[in-house]
Amino acid sequence: MTHQMLQKERPGGEREAPVKRRYLEALNLIERLHRRLLDVVKDEFERNGEKELNPVQALLLYNIGDDVLSAGELKSRGYYQGSNVSYNLKKLVEAGYVSHERSDADRRSVRVRLTDKGQRVRARVDSLYDRQLQSIRDVLGMDEEEFDRLNRALARLERFWTDQILYRL
């Protein structure tokens, strides 16, 4: 195949490589998937008349799980941005979903854990994921192998972006 055959004509006469189209499509899908996940979680809680939590907070509770963590640890795991996690943790503490205590080693650091109320939310999100997974298997026919390929590709992309930032590539 010639170089021209590998490229697509764009408005204004520019050429765009097919791989760039696919890369931009992947970026768009990643962004849309995250927003759609938030919509699904929001719908799950609204169907039951629960409007105290927003979907980001529900997912934050799910990701804390049984751990005792600092806001920095949640951020370093890649779940949330700094101000976002701090704001939402404050709201979750105020609403009784999370308890917090100062770290013995560093009094500036606050460690958080789920309360019973927070554990109930975590269980609801986990149940939602279980129902979705069953439907994904039944309706889409996606299996472990397909998820493994998807996760490997996404992890490679994440490592690439992390390296871009860390090493200023």
Side-chain angles (χ1 to χ4, degrees), residues 1-48 50-65 67 69-92 97-98 112 121-122 124-169:
M1 235 184 251
T2 68
H3 183 66
Q4 271 189 328
M5 291 173 66
L6 293 173
Q7 295 182 336
K8 168 188 156 186
E9 188 75 28
R10 289 183 60 190
E14 289 181 44
R15 297 219 172 251
E16 179 182 281
V19 72
K20 183 175 181 182
R21 273 196 336 271
R22 288 170 177 85
Y23 175 67
L24 295 175
E25 181 181 358
L27 295 179
N28 192 322
L29 278 169
I30 291 166
E31 188 177 353
R32 283 194 343 238
L33 284 169
H34 178 68
R35 284 195 311 269
R36 193 64 61 221
L37 173 61
L38 294 176
D39 290 343
V40 167
V41 172
K42 180 181 179 199
D43 182 64
E44 171 72 14
F45 283 84
E46 284 182 352
R47 284 180 189 216
N48 296 303
E50 296 177 38
K51 296 181 181 175
E52 184 176 28
L53 286 174
N54 68 41
V56 170
Q57 292 166 339
L59 291 177
L60 181 58
L61 294 171
Y62 180 82
N63 288 323
I64 292 171
D67 294 332
L69 303 165
S70 69
E73 288 169 321
L74 281 166
K75 183 181 171 199
S76 70
R77 288 181 178 192
Y79 296 136
Y80 307 94
Q81 297 300 313
S83 60
N84 187 351
V85 76
S86 297
Y87 170 80
N88 282 304
L89 281 175
K90 179 181 175 203
K91 293 295 185 187
L92 291 168
Y97 292 98
V98 172
V112 297
V121 170
R122 184 184 190 281
R124 295 255 331 266
V125 173
D126 191 52
S127 176
L128 170 65
Y129 286 165
D130 286 343
R131 288 192 321 272
Q132 287 179 336
L133 183 56
Q134 189 59 51
S135 292
I136 288 168
R137 286 181 187 137
D138 295 346
V139 177
L140 300 180
M142 289 181 72
D143 60 11
E144 287 177 45
E145 187 177 311
E146 194 164 358
F147 276 113
D148 285 343
R149 281 193 310 273
L150 174 64
N151 291 339
R152 279 193 305 272
L154 291 172
R156 288 171 47 210
L157 189 55
E158 180 186 28
R159 275 193 305 276
F160 172 77
W161 287 339
T162 299
D163 289 349
Q164 295 294 299
I165 296 163
L166 290 176
Y167 303 114
R168 299 181 186 270
L169 300 176

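Here the structure is a predicted model, which means the values were calculated and not measured. Nothing fancy with the numbering, it's 1 onward along the sequence.
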TODO: Quick one: do Tyr23 and Val19 satisfy side chain to side chain contact (heavy atoms under 4.5 Å, CB included)? Show the steps, please.
DONE: CA-CA 6 Å; Tyr23 175 67; Val19 72; 5.6 Å; no
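- At least one side-chain heavy atom of Leu157 sits less than 4.5 Å from a side-chain heavy atom of Ile30.
- Annotation for Pro55 and Leu38: closest pair CB-O, 3.3 Å, computed over non-hydrogen atoms.
- A donor-acceptor contact shorter than 3.5 Å is absent between the side chain of Gln134 and the backbone of Arg131.
- Side chains of Gln57 and Tyr97: a donor-acceptor N/O pair is absent below 3.5 angstrom, by distance only.
- Annotation: the span from Leu59 atom CG to His34 atom NE2 amounts to 7.5 Å, rounded to 0.5 Å.
- Salt-bridge check for Arg21 with Glu25: failed, with every basic side-chain N at 4.0 Å or more from each acidic carboxylate O.
- Taken to the nearest 0.5 Å, the NZ atom of Lys42 stands 9.0 Å off from the NZ atom of Lys51.
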TODO: Please report the C-alpha distance between Val40 and Gln132 in whole Å, then the side-chain angles of each, then the deciding distance to 0.1 Å, and finally whether the side chain to side chain contact (heavy atoms under 4.5 Å, CB included) criterion is met.
DONE: CA-CA 10 Å; Val40 167; Gln132 287 179 336; 2.9 Å; yes
Open item on the list: I'd like to know whether Asn88 forms a side chain to side chain contact (heavy atoms under 4.5 Å, CB included) with Asn54, so could you lay out the CA-CA distance, the side-chain angles of the two residues, the decisive distance to 0.1 Å, and finally the verdict.
Closed with: CA-CA 9 Å; Asn88 282 304; Asn54 68 41; 3.9 Å; yes
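- A salt bridge between Arg47 and Asp43 is present, with a side-chain N of the basic residue lying under 4.0 Å from a carboxylate O of the acidic one.
- Taking CG of Asp126 as the reference point, atom CG of Leu61 lies at 13.0 Å (rounded to 0.5 Å).
- Between the side chain of Asp143 and the backbone N or O of Glu145 there is at least one donor-acceptor pair closer than 3.5 Å.
- At least one donor-acceptor pair under 3.5 Å links the side chain of Asn151 to the backbone N or O of Phe147.
- Rounding to the nearest 0.5 Å places CG of Leu24 at 8.5 Å from CG of Asn28.
- Annotation: Gln164, atom CD; neighbour count of heavy atoms from other residues, nucleotides and ligands within 6.0 Å is above 12.
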Task: Leu89/Leu74 under side chain to side chain contact (heavy atoms under 4.5 Å, CB included): CA gap, chis, key distance, verdict - done: CA-CA 10 Å; Leu89 281 175; Leu74 281 166; 4.2 Å; yes
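- To the nearest 0.5 Å, atoms CG (Asn48) and CZ (Arg124) are separated by 4.5 Å.
- Contact check on Arg36 versus Asp39 returns a salt bridge, with a Lys/Arg side-chain nitrogen under 4.0 Å from an Asp/Glu carboxylate oxygen.
- More than 12 heavy-atom neighbours from other residues, nucleotides or ligands sit within 6.0 angstrom of CZ on Arg149.
- For the atom pair CG (Leu166) and CH2 (Trp161), the distance works out to 14.5 Å, reported to the nearest 0.5 Å.
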